[in-house]
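Encoded as structure tokens, the structure appears first; notes follow it.
The analysis underlying the following values was restricted to heavy atoms, covering all of them including side chains, and did not include hydrogens, waters or symmetry mates. All chains are named by letter (A, B, ...) in the order of the sequence lines, taking the proteins before the strands, and each is independently numbered beginning at 1.
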Amino acid sequence: MTLTAEQVAESLSKEADDALLSINNVEVIFNGVILVLRGISLNARKGKITALLGANGAGKSTTLKAIAGLLRTDDGEITRGSVTYDGRDVTHTPPDRKVRDGVFLVMEGRGIIQDMTIRDNLRLGAFTRPGANVETEIEEIYRFFPRLKERKGLAGYLSGGEQQMLAIGRAMMAKPRLIMMDEPSMGLSPLLVKEVFGIIRRLNRELGISILLVEQNANMALKISDYGYIMENGKIVLDGSAEELLQNEDVKEFYLGGGEERRSFLNVKSFRRRKRWL
Amino acid sequence: QDSEILVGHLADYTGPTAFVGKQYGAGVADAFKQINADGGINGAKVKLDTVDYGYKVPEAIALYKKWVGQGMVALLGWGTADTEALISFVTRDKIPTISASYSAHLTDPLGRNPNTKSRTPYNFFYGPSYSDACRALVQWASEEARAKGIDKPIFVHTGDNHPYPNAPKEACAAYAKELGMTVANPVVVPLAPGDFKAQCLTVKQSGANYVYMGNLGGSVVSLVKSCNTVGVDATYMGNPWAGDYLTVEAAEAKGLIFPSSTPFFGAEVPGMALVKTIVENGTGLVGSRPTHHYIRGVCSAYYMKEAMEWAAANGGITGANIRDGMYQKADWVPKGLEGVCSPSTWTKEDHRGLLQVTINSGSVEGGRAVIKEIATITLPRRDDWLGQ
Amino acid sequence: MNSELLIQLLVNGVIVGMLYGIVAMCFVLIYKSTQVVNFAQGEFVVMGAWVCLSMVVSMGLPFWLAFLFTLAFMTAFGVVVQIILLRPLVGEPVISVIMATIGLSTFMRALMNWIFGNSAVRFPDVFSQSVVSIAGLNVETAYVLSLVLSVAVMGMFFLFFRYSRWGLAMRATAYSQQISQSLGIPIGRVFAMAWAISAVVSGIAGVVIGLVNAVSNSLSFIGIKVFPAVIVGGLDSVIGAVVGGLTIGLLENLAEFVDGQYLHIGNMYSVAPFYVLLVILMIKPYGLFGTPNIERV
Amino acid sequence: MADNGEILLRVDDVSLQFGGLKALSNVSFAVRKGGLFSLIGPNGAGKTSMLNCISGRYRPTSGNLTWNGEDILRHSVNDRAHLGIGRTFQNLALFGHMSVLDNILVGRHHKLRNNFLTGMLYWVGGARREELEQRRFVEDIIDFLEIQHVRHEPAGTLSYGLRKRVELARAMAIEPRLILLDEPMAGMNLEEKEDMARFIIALREEFEMTILMIEHDMGVVMDLSDQVAVLDFGKVIASGAPEAVLANEHVKKAYLGEADELLDELADTAERAIA
Amino acid sequence: MTHVPNPRPTGDFRTSYAGDRTLFATRFETNAVIAGVLFVLVSPFLFSDYILSQFIIIGIYGIAALGLNVLTGMTGQISLGHGAFFGFGAFASAWFSSRGIPVLLSMPMAGVLTMAVGMVFGIPAARLKGLYLAIATLASQYILEDFFARADWFTGGTSGSLAETANLFGFQFDSDGRYLYLVLFWVIVSFVGVANLARTRDGRALVAVRDHYLSAEIMGINLTHYRILSFGLASFFAGLAGALYGHYLGFVSAEGFTIILSIEFLAIIIIGGLGSVSGSLLGAAFILLLPQAMETFANALATLVPAISQGTAYIKQMSVGAAIILFLVLEPEGLVHRWRLMRANWKLFPFSH
Ligand SMILES: Nc1ncnc2c1ncn2[C@@H]1O[C@H](COP(=O)(O)OP(=O)(O)OP(=O)(O)O)[C@@H](O)[C@H]1O
Ligand SMILES: Nc1ncnc2c1ncn2[C@@H]1O[C@H](COP(=O)(O)OP(=O)(O)OP(=O)(O)O)[C@@H](O)[C@H]1O
Ligand SMILES: CC(C)C[C@H](N)C(=O)O
Ligand SMILES: [Mg+2]
Ligand SMILES: [Mg+2]
């Protein structure tokens with residue numbers, strides 16, 4: 001399909017209109033030598049769930065950190081491109097400022113403070129909202145995650161799933177407009193995976209929080225998302241609405257487990273066809 | 001003849017001994033400035049390279065080597081650590097050294113005393129050794145005690161477990177015993193200042209009448225203050241670095257006894273005029289009222305100067321000749337410093353230049369230190385004391 | 001056994017130990033919020049003493065005014081140090097930051113040598129009565145003041161870390177700078193605050209020590225001297241710092257007693273606490289109050 | 001498969017207590033030689049703690065662990081590698097600053113004889129020969145796991161999936177008879193899971209290792225394991241063949257989740273696995 | 001710490017496992033090291049004693065720092081007592097040689113004795129971690145210092161002890177040029193030894209203990225053994241270096257081995273690069289030459305601004321402090337890291353990937 005220049009411009013400006021956050025042609029280099037993101041652009045739409053999928057090492061986590069402004073502690077920097085949030089350029093805005101403006105990242109590996117109690121971790125979630133009635137809000141979070149209320153002691157002794165709940169709960173304490181989640185379902189039991197995706201959807205539907213979701217569980221992620229991007233090797237290789245992606249042959253083959261029948265893990269092939277987008 | 005004579009000068013202006021190092025070092029530096037202004041050594045200028053080595057031995061060694069490479073003929077050294085570290089080098093390279101480390105073992109150039117560890121034919125210092133100064137104090141103390149009617153006065157050594165405070169420990173205790181004093185167990189007091197009430201309680205408990213302080217600077221101040229708080233009733237006696245008007249003032253001392261080997265700044269002696277000129281033309285590092293450590297630095301510099309002059313006249317300014325220049329006269333007082341530097345005698349066998357010790361008493365009166373000379377002790381040149 | 005002497009020494013131990021406790025708290029504060037061991041702690045203490053002294057002596061200010069000025073100055077100083085030294089090192093390995101504090105201590109020592117000179121200088125009399133007697137031991141009034149101050153400061157720290165938003169933020173920052181940033185904590189501000197508070201408290205300690213000892217640069221040795229106190233108490237515990245300070249203070253005095261009266265080995269005062277430190281650590285590897293590391297795989 | 005083979009590891013009435021929390025209570029199960037035993041259960045059920053007891057990180061409060069008829073609790077933690085127990089970790093525990101190669105070589109630690117002295121002498125004490133021998137061994141593992149391209153990279157910079165592979169490689173280097181895998185598939189996409197499955201199958205068939213695996217992906221558990229035990233709140237609530245266990249109502253309720261309107265449509269992978 | 005890719009120049013293919021495990025990463029580095037050694041070998045004929053003495057002290061401090069690097073850099077245990085072990089080695093060697101043992105032999109013997117002492121003081125490492133351990137090593141600093149001042153029979157007490165000149169079949173190592181060869185020998189032996197260690201079993205085990213001791217233990221590594229061993233190795237090199245130092249000066253005094261020296265060693269390895277073998281030498285050179293460079297700087301400054309001429313000593317000290325800070329701000333991971341970055345940049349230029 002070919003588009004006229006006007007059509008492109010129109011669709012772009014329309015996209016930009018409802019994009020809460022967009023990154024344009026961002027390049028990230030670590031240590032001054034390792035090029036990890038090679039010019040990547042994507043939009044997270046207002047009130048929508050956007051999924052970012054991709055193989056290990058594709059640079060998904062790096063993308064989220066770049067948006068949040070957390071690369072410095074890893075010796076990385078954005079060397080090209082820009083990040084726009086709510087119409088403003090926030091490429092070099094300090095990370096705490098972004099949180100105050102409503103962009104919150106739930107980091108890969110959950111990033112809870114292990115040597116603090118669960119309550120203190122939750123309190124910290126509300127750090128950017130000094131006046132907040134933290135104690136009652138914590139009770140609300142406990143209603144979302146009753147399990148957290150039962151566990152006493154330091155957060156470091158929580159099991160993986162419990163830590164993930166804590167991390168999401170903490171993000172909710174910040175009352176953000178956009179939550180970015182880095183593999184929230186990792187390491188969770190099937191029941192909890194459902195719960196977590198359910199929660200993500202509730203956060204989105206009930207609280208109107210926009211979500212940028214990085215996931216390996218492509219199936220589920222695309223099912224709750226509105227739009228998706230597929231990333232490989234530091235580049236976006238495919239994007240489209242969630243339905244489109246769910247129908248895409250390559251996505252089916254490599255991310256969803258192709259065909260109608262689930263492939264058994266007992267007869268996996270060791271040679272595959274090349275991905276068409278490479 | 002070379003127009004410039006290189007002399008190395010190790011100074012501690014910023015390190016742990018800066019308290020007195022700045023005084024002594026400035027004395028040396030200012031003196032050579034004056035010497036050059038007055039025409040140098042027979043017209044040749046002395047290039048005194050003063051470097052603050054911060055009491056760090058490797059830095060001192062590096063400097064020493066650098067200077068030797070540049071043709072240094074003599075060294076003005078500073079502390080115990082560097083002087084000791086350089087002994088074998090200066091002996092090998094024939095670099096006469098006047099240091100401010102007054103350890104008695106530097107006074108036995110030929111190792112005649114069987115207890116002397118190493119020969120130190122190129123090491124000199126101006127003033128009594130730590131041991132001799134302490135002996136003089138003890139001698140004074142026993143006389144004072146007798147006058148006061150104390151039958152068996154008790155003497156106690158305080159100081160850190162370090163080469164410098166410990167240098168006179170045994171010699172002094174032995175002499176105190178010889179004089180009929182009771183020697184209590186020594187009390188270890190750290191060189192770094194702090195709260196020393198605990199040590200003072202021990203001193204108090206020992207019933208000491210005379211407390212020798214082997215440390216210097218802030219540590220001495222702390223000790224005196226702490227002991228006053230606790231209420232120790234004793235006479236405090238310091239080593240050659242422990243007492244000056246600054247210490248007396250800072251410690252609010254009452255009757256702090258300390259030795260000196262020059263008069264104080266401003267004293268009415270003929271040589272003081274030169275000292276004043278030196279201060280005026282100097283670098284200004286010590287302000288307008290230097291302590292007697294500064295003046296000892298001046299004396300050290302002038303002995304070195306005259307030894308060089310002697311060397312210039314007797315075969316040229318080389319290390320060995322300057323060393324021999326130190327033996328040139330007995331009861332030697334550098335020209336222009338009459339009444340300032342005490343008559344000293346160094347010989348090939350015996351580097352105890354000065355055996356005469358002036359004893360002072362310093363007290364704070366109305367916020368100012370008042371220092372009185374109370375005795376002058378001349379020790380016998382005993383053979384068994386050589387190098388000990 | 002000379003029980004009167006023993007009691008006096010023990011009283012002295014408590015009093016001196018309290019002071020160690022304050023300086024130890026400054027350490028703990030920096031450590032708790034930045035994981036940095038501040039090797040310039042001793043210089044901070046001396047800086048406080050010099051500033052107050054020169055206000056009194058050269059400006060002729062009354063002591064209390066000078067004291068307040070010192071607190072203000074130290075706050076600013078802490079912030080400046082943080083901006084110049086630590087901000088550029090945010091996110092760098094902790095060991096590098098520790099090294100930077102070693103550099104800072106060299107710098108500060110030289111600077112203070114230059115500005116304030118090398119001598120020991122006495123504070124003019126501040127209290128009408130410079131000595132009070134406690135259980136037969138004469139003690140400097142300044143110590144009593146420090147006792148009161150340290151209890152107050154300790155309480156404040158405790159509440160601060162336990163309950164305040166910024167206290168939490170400091171603990172979080174110590175745990176991980178990146179995670180803290182992701183929570184919206186301005187870690188630069190947290191560092192500035194930690195250094196400012198630490199500098200102020202160091203200043204207080206400095207003034208007390210200065211009043212007791214006369215001010216001189218070598219007093220900065222206290223910075224290293226409180227290491228054992230910090231560790232005995234537990235690196236991240238404010239209460240621990242005070243208990244550690246008291247423990248070390250008592251130990252020193254007890255060692256002096258045993259040594260001076262019975263053993264006559266000499267130097268036990270300085271060395272014995274280290275032996276005991278080793279013993280305590282072997283029994284309690286995180287000190288008396290430190291939180292153990294979480295070791296999960 | 002080895003259905004009634006010998007028992008390699010027997011867990012007998014093991015309990016583990018942390019203060020007031022009972023992480024494991026009276027857990028018993030047996031792992032057959034050559035088998036693949038899966039341990040599943042909700043988060044916080046005590047699965048990792050169980051592995052920790054076996055590998056020595058934790059010491060059970062009570063109960064017995066028998067290895068080939070021998071009591072393993074008598075062996076120190078580092079000795080257990082020698083016994084033939086290797087493992088991977090749920091929260092990645094690589095040596096971040098070491099190269100991938102060195103990480104894997106650490107797994108060979110107990111097979112190597114050279115010490116610091118011979119190591120320093122390198123050329124003369126036989127260390128060189130030994131190191132190169134081991135290098136050959138390790139390269140086989142590297143080839144097998146297809147991580148040649150990152151051989152020299154520091155492990156800390158690798159992406160998550162690669163790190164998981166390196167962990168597996170390191171555990172394999174021990175040449176264990178029993179390998180404990182703590183959620184080997186977590187954080188992977190389908191393609192990578194398939195790779196991992198391939199490796200796990202090969203571990204059993206080519207390398208003849210016995211496997212004890214914790215995994216939350218029911219597809220994987222179903223397809224690969226021949227025995228499953230379900231832990232919940234530290235107790236075994238079901239065990240046996242995978243199909244039977246996953247059909248168990250109790251397990252569905254505690255672990256897999258009931259059919260729920262909202263979640264139903266989301267949960268199809270897992271649901272299909274049960275069917 | 002962060003990582004730098006370790007690319008090889010194009011064309012540098014390793015065709016055997018042995019070829020892939022060489023001491024130096026690149027041919028260039030190999031050549032540089034050989035050139036460096038040759039340079040030192042001829043330097044006695046080219047340079048003044050001053051420069052030679054700098055080489056000597058850098059070499060000696062480098063060996064000691066290398067030891068600390070094994071402990072702190074490789075095994076992750078910070079020590080604040082390294083200076084005392086350095087001193088112990090100096091006294092031990094002086095003591096051995098005073099009992100008739102040839103100096104060249106007494107030096108390594110001193111290393112071994114120091115190693116034994118270091119392992120005893122390393123016992124707390126079995127239980128303590130991180131800064132708790134660091135402060136426990138502070139105890140060893142003070143306990144040893146006290147021992148030096150007290151043990152007359154061994155150290156000569158506070159008056160110190162004499163250390164004889166080394167000689168080999170009548171060849172006296174009594175000039176800087178000659179002594180340099182002795183130091184060079186030990187530098188090569190130590191650095192090659194540690195570099196070899198790093199690529200063999202025990203070296204890997206040490207690093208594994210640092211990076212993740214929990215998993216290291218499960219991989220079959222005996223933690224206590226390696227923690228204490230690393231104290232032993234560190235002390236060995238400290239002792240050996242101390243012995244070289246003592247015989248170089250000819251005199252050993254208790255004063256020189258204080259906490260300040262220990263902190264200085266720590267500074268050396270941080271500046272050089274933690275865990276890097278060659279960084280130990282670079283760091284030693286940096287820390288030892290810095291004050292001298294700053295001396296020049298301060299003097300130059302004073303000529304420009306005469307008003308501060310009486311402050312040169314302070315300016316010098318301050319600039320030493322400032323230089324350390326500045327260096328860390330610019331290169332927090334040490335000199336070696338800078339070199340690797342340069343190498344990576346240069347190899348990869350203009351492509352970063
Ligand atoms: N601090 C760092 N220094 C050097 N390289 C890094 C750093 N962090 C990440 N990388 C590299 O960047 C690439 C992308 O990493 P990233 O973590 O963003 O991947 P990802 O898509 O999130 O993968 P995963 O699904 O495994 O989490 C990887 O190749 C990784 O090695
Ligand atoms: N060292 C410890 N101290 C205190 N509690 C602990 C410790 N280790 C684990 N726990 C607790 O024991 C319980 C079991 O933890 P474990 O890690 O074994 O769970 P898990 O089954 O592996 O869960 P997940 O699937 O989430 O990894 C949890 O509630 C956890 O908080
Ligand atoms: C002031 C100094 C010269 C004192 C003593 N000689 C020392 O070096 O420690
Ligand atoms: Mg990721
Ligand atoms: Mg687990």
Within 45° cone and under 6.0 Å: D/Arg57 NZ/CZ vs D/Phe89 ring:
no
May I ask you to check whether E/Tyr61 and E/Phe265 place their ring centers less than 6.0 Å from one another?
yes
Residue part contacting chain D, namely of E/Leu223, when any heavy atom lies under 4.5 Å
neither
Sorted by number, residues from residues 110-124 of chain E in contact with chain D (heavy atoms, under 4.5 Å)
E/Met115
So what's closer than 4.5 Å to chain D heavy atoms on E/Phe236: side chain, backbone, both or neither?
neither
Go through the atoms of D/Leu112 and report whether side chain, backbone, both or neither lie under 4.5 Å from a heavy atom of chain E.
both
Between D/Arg80, D/His109, D/Arg108, D/His82, the one whose heavy-atom pairs under 4.5 Å with chain E are most numerous
D/His109
Would you say D/Asn64 and D/Thr66 are linked by a side-chain donor-acceptor pair, where the criterion is simply a distance under 3.5 Å?
no
Quick check on D/Leu83 against chain E: is it the side chain, the backbone, both or neither that has a heavy atom closer than 4.5 Å?
neither
I'd like to know whether the aromatic ring centres of E/Phe85 and E/Phe237 sit less than 6.0 Å apart in this structure.
no
Under 4.5 Å heavy-atom distance to chain E, tell me which part of D/Asn115 shows up: side chain, backbone, both or neither.
both
Most contact-rich option vs chain D, by heavy-atom pairs under 4.5 angstrom, among E/Met219, E/Glu217, E/Arg201, is E/Arg201
Mind listing the closest non-hydrogen atom pair of E/Ile269 and E/Ala65 along with its distance?
CG2-O, 3.3 Å
D/Arg165 bridged to D/Glu192 by N-O distance under 4.0 Å
no
Lys/Arg-Asp/Glu bridge criterion (N-O < 4.0 Å) met for D/Arg163, D/Glu167
no
Could I get the full list of side chain to side chain donor-acceptor pair (under 3.5 Å) partners for D/Ser62, not counting sequence neighbours?
none
Would you tabulate the side-chain donor-acceptor contacts of residues 182-194 of chain E under 3.5 Å, counting partners in other chains and residues two or more places apart, or write 'none'?
residue, atom, partner, partner atom, Å
E/Ser190, OG, E/Trp186, O, 2.6

Given heavy-atom pairs under 4.5 angstrom as the criterion, report whether the side chain, backbone, both or neither of D/Leu121 touches chain E.
backbone
Heavy atoms of D/Leu158 and D/Glu153 approach each other most closely as CD2-CB, 4.0 Å
Below 4.5 Å, heavy-atom pairs only: which of E/Asn222, E/Leu233, E/Leu206 has the largest tally toward chain D?
E/Asn222
Quick one: list whatever passes side chain to side chain donor-acceptor pair (under 3.5 Å) with D/Glu70, sequence neighbours left out.
D/His75
Is chain D contacted by the side chain of E/Leu229, its backbone, both, or neither, given a heavy-atom distance below 4.5 Å?
side chain
